[in-house]
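Here is the naming used below: chain letters follow the sequence lines, and residue numbers restart at 1 for every chain.
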Amino acid sequence: MTDLDLLTGTIAARIRAMPEVRRLYPPRRVLLPGVLGSAQGVLGALAADDTVTAEVHDGVTSVQVDLALTGDSPAPEAVQAVADVVRSVLDGARITDRMITVRVASVEP
Amino acid sequence: MDESTSAALEAIAREPDDLDGHTIAQLADYLDADRTPPDPTIDASPACQHALAALERLRRVAPELLLDDGAPPDDEDWVSRVMGGIALDAHAGADFVLVDGGPDARLVMTEGALRGLVRSAGDDEPGFLMGRVRFEGDLDPGAEVVVRTGVTVAHGVPIPEAADRLRQHIAAVIARHTRLRASRVDVDVEDVDAPRDGGAA
């Protein structure tokens, strides 16, 4: 299991535990076209948990989360809370060069 | 599923990409089977989940609109139109920025999710069943957006008052779950369920 596997697994577990989140979806675009296999690009792109992806490209770790919210909290606050959870995990892994994408795919009361 | 609904579902088979490779008829069958056995390609698809939620609401609301005399629905065109709207609106569409995430985060919602919210709000209003849902204008944070909806209204519902409630409900949902402001909510009444005795609606 790679470091990214552990990272995505941890992120997914923590997000699933959030009351604002109904479920995680497999990200709509798992990898950028052409990134996988480029000589300079990917250091690792495998995800142990296929509902959260992480990839490293040119030193920047990109994490993508697609999810359904419960609607109990306003969506803007909920996605900010999700991003904070991702930041917390990345901080713990000392990953400072990062880009987090949180996409609300549905709200399911 | 009755024959007219089945025929309507067949008539509106969508391109597979609309629902991540599934058709609205397949999703109706999946609901009929109580979502068993679980199909991960459906369960993991936001578009399919939108469509399933809309189909469930349709089944909950349709009796109020069409079956008040116990007769089965016989308006194939109406069913086709509603089902077609569900399939089209379930498509994820483009992302829009939900709220500024700072330099290290992009926090977005799909247009499909927003359509689903509006559709759900409309179906929650007694006597209404949502048809199409469209947005006009940018969906950037702080922007004003025009919401255009098509609805079926149950016979006997006072339309002006009910439409005002629907507008307020939709505007409130948008204000709660986005940084958009609904500058206008158009409610186009596309159908009024006529009484079965043939009297005027």
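Looking at A44(B), the atoms closer than 4.5 Å to chain A (heavy atoms on both sides) sit in the backbone and in the side chain alike. With a 4.5 angstrom heavy-atom cutoff, S73(A) touches chain B only via backbone atoms. Contact annotation for P103(B): only backbone heavy atoms (N, CA, C, O) come within less than 4.5 Å of a heavy atom of chain A.
Enclosure of atom CZ in R35(B) by more than 12 non-hydrogen atoms of other residues, nucleotides or ligands within 6.0 angstrom is indicated.
For the pair M99(A) and R106(B), the tightest heavy-atom approach, listed with the atom from each and the gap, is SD-N, 4.2 Å. The nearest pair of heavy atoms linking V107(A) to M109(B) is CG2-CE, 4.2 Å. Across A105(A) and A113(B), no two heavy atoms sit closer than the pair O-CB, 3.4 Å. Here the shortest heavy-atom pairing between S45(B) and Y25(A) reads C-CE2, 3.9 Å.
By number of non-hydrogen pairs under 4.5 angstrom with chain B, the leading residue of V79(A), V86(A), V60(A) is V79(A). The greatest number of non-hydrogen atom pairs below 4.5 Å with chain A, out of V108(B), L114(B), V99(B), D100(B), is found for V108(B).
The pair R103(A)-E111(B) does not count as a salt bridge, with every side-chain nitrogen at least 4.0 angstrom from each carboxylate oxygen.
We find the CG-OG1 distance between D104(B) and T61(A) to be 11.5 Å, quoted to the nearest 0.5 Å.
Between V104(A) and T110(B) there is no side-chain heavy-atom pair separated by less than 4.5 Å.
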